[in-house]
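A short worksheet on the structure shown next.
What you see is a predicted model; the values in this text were computed from it and never measured. We number each residue from 1, following the sequence as shown.
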Amino acid sequence: MSIFTTNSADKAEENDVLQKQRETFIASLSHDLKNPTIAQIRAIELILKGKFGRVLPEQREIMEMLLDSCKYMNAMLCSVLTTYRNERGTINLKSEKVSISDLASECTDEMVYLAKDKEINIKLTNSAEKEYVWGDMVQLRRVVMNLLSNGIKYAYPKTELKIKVYNEENNTCFIFENKSPYLTPEHRTKIFARYISYSKTHNGIGLGLYASKKIVEAHGGTIFVESFEDERNIFGFKIPNDEYLKDKKRSVTF
């Protein structure tokens, strides 16, 4: 009887863990899909406020941005559906050649109107001689969009968000630096944990950075945060650019 009871308890506990994984995964995807949606809303609002006047080339540029955003959302939805079919919420990562600087430019273009809404200037600098990595384009885009969205959301209005792409040993590095509230050492040690929000002063479910950490680590990389008392905050990640990784099978479980 005791063996049967123990097995039943173990099974119940396992089911609870699996259910929590599924819920976390869906919540994290919902969080990510919110970012491009906000960008679209801000862009449309600018048009409706007459910021661009009549139908001009600037408006065409916005529509192209919206199209790119919709394509991204579609790819994310496909990821949701595919993963949700898997009981353990696991994504098998694709292996494709990804330019981190191109990814930075595309995501920046998509979020530029969100930054414009707060009068934040985005400065992108690329000094990487070898900027390609082997990984999953959609999932790496999630990471960039999460860090970019956070960089804008928590930055003080009328400041600068610096984005840098560079090489360090055999890695391609990507960092965001903004002016925002100081993060204590204790907060920094917990910030990538599940359900821990970037800031107590903003509403959020605290899954964007958690998901980003899981994705970066699944690619063999590391994610990090630095905070200084002069209120400079840096978030970034490093991804190996070894070509042999293109044949390595990888997955991530949320």
Side-chain angles (χ1 to χ4, degrees), residues 28-77 79-80 98-126 137-165 174-181 197-199 201-209 211-212 215 231-237:
S28 68
L29 263 294
S30 298
H31 170 88
D32 294 336
L33 289 171
K34 176 182 65 176
N35 293 333
T37 301
I38 292 175
Q40 293 169 14
I41 292 172
R42 292 294 182 268
I44 294 171
E45 285 178 343
L46 287 172
I47 295 175
L48 295 176
K49 290 177 181 178
K51 297 292 185 179
F52 301 99
R54 295 175 297 172
V55 178
L56 297 171
E58 291 87 349
Q59 294 171 325
R60 180 178 297 277
E61 180 181 347
I62 293 175
M63 295 307 298
E64 291 174 352
M65 182 274 292
L66 290 175
L67 177 61
D68 290 341
S69 182
C70 288
K71 288 180 178 179
Y72 167 55
M73 290 181 67
N74 181 65
M76 290 292 289
L77 285 171
S79 179
V80 172
V98 180
S99 167
I100 292 294
S101 66
D102 286 350
L103 203 54
S105 298
E106 292 168 6
C107 292
T108 299
D109 288 344
E110 188 168 327
M111 300 297 285
V112 68
Y113 297 103
L114 182 61
K116 186 182 177 85
D117 194 49
K118 292 183 64 176
E119 298 184 57
I120 293 173
N121 178 50
I122 299 178
K123 182 180 180 181
L124 174 60
T125 303
N126 177 21
M137 172 74 80
V138 172
Q139 298 306 319
L140 289 176
R141 187 182 177 100
R142 289 181 65 185
V143 176
V144 175
M145 288 294 284
N146 271 317
L147 296 181
L148 178 56
S149 175
N150 278 343
I152 295 171
K153 183 188 300 182
Y154 298 109
Y156 294 127
K158 300 181 180 180
T159 57
E160 186 172 71
L161 172 60
K162 298 177 182 178
I163 305 174
K164 299 179 182 179
V165 181
F174 193 108
I175 68 169
F176 300 86
E177 179 181 335
N178 71 359
K179 295 285 287 186
S180 55
S197 180
Y198 185 149
S199 171
T201 61
H202 290 75
N203 292 324
I205 55 178
L207 286 171
L209 293 178
S212 297
I215 293 167
E231 297 190 306
R232 285 185 302 116
N233 286 300
I234 296 175
F235 280 81
F237 66 92

Indicate yes or no: at least one non-hydrogen side-chain atom of Ile215 is less than 4.5 angstrom from one of Phe237. no

Is any side-chain heavy atom of Asn150 closer than 4.5 Å to a side-chain heavy atom of Phe235? no

Which value, rounded to the nearest 0.5 Å, describes the distance between Leu140 atom CG and Ser99 atom OG? 11.5 Å

If every non-hydrogen atom of Ser180 is compared with every non-hydrogen atom of Asn233, which pair is closest and at what distance? OG-ND2, 2.7 Å

Side-chain contact test, heavy atoms from C-beta onward, threshold under 4.5 Å: evaluate it for Leu147 versus Leu209 and give yes or no. yes

What closest approach, in Å, do Asn146 and Gly208 show between heavy atoms, and which atom pair accounts for it? ND2-O, 3.4 Å

To check you understand the geometry: which heavy-atom pair defines the closest contact between Tyr154 and Pro181, and what is its length? O-CD, 3.7 Å

Quick check: are there more than 12 heavy atoms from other residues, nucleotides or ligands sitting under 6.0 Å from NZ of Lys179? yes

Can you confirm whether Thr159 sits close enough to Asn178 that some side-chain heavy atom of one is under 4.5 Å from a side-chain heavy atom of the other? no

Quick one: are Thr125 and Lys162 in side-chain contact, heavy atoms under 4.5 Å? no

With the side chain counted from C-beta on, respond yes when Met145 and Cys107 share a heavy-atom pair under 4.5 Å apart, and no when they do not. yes

Distance (rounded to the nearest 0.5 Å) between Lys164 NZ and Lys123 NZ: 8.0 Å

Correct closest heavy-atom pair for Glu106 and Arg141 would be OE1-NH1, 3.6 Å

Side-chain heavy-atom pair Val144, Ile100 within 4.5 angstrom cut-off: no

Nearest-0.5 Å distance that lies between atom CD1 in Ile120 and atom NZ in Lys158: 11.5 Å

Ignoring hydrogens, what is the shortest heavy-atom contact between Ala104 and Leu124? Give both atom names and the distance. CB-CD1, 4.0 Å

Pairwise distance CD1(Ile122) to CD(Glu160) - rounded to 0.5 angstrom: 10.0 Å

Could you report the tightest heavy-atom contact between Val98 and Met137, atom names first, then the distance? CG1-SD, 4.0 Å

Would you say Ile152 and Asp117 make side-chain contact, with heavy atoms under 4.5 Å? no

List for me each residue that meets side chain to side chain contact (heavy atoms under 4.5 Å, CB included) alongside Asp109, sequence neighbours excluded, and say none if there are none. none

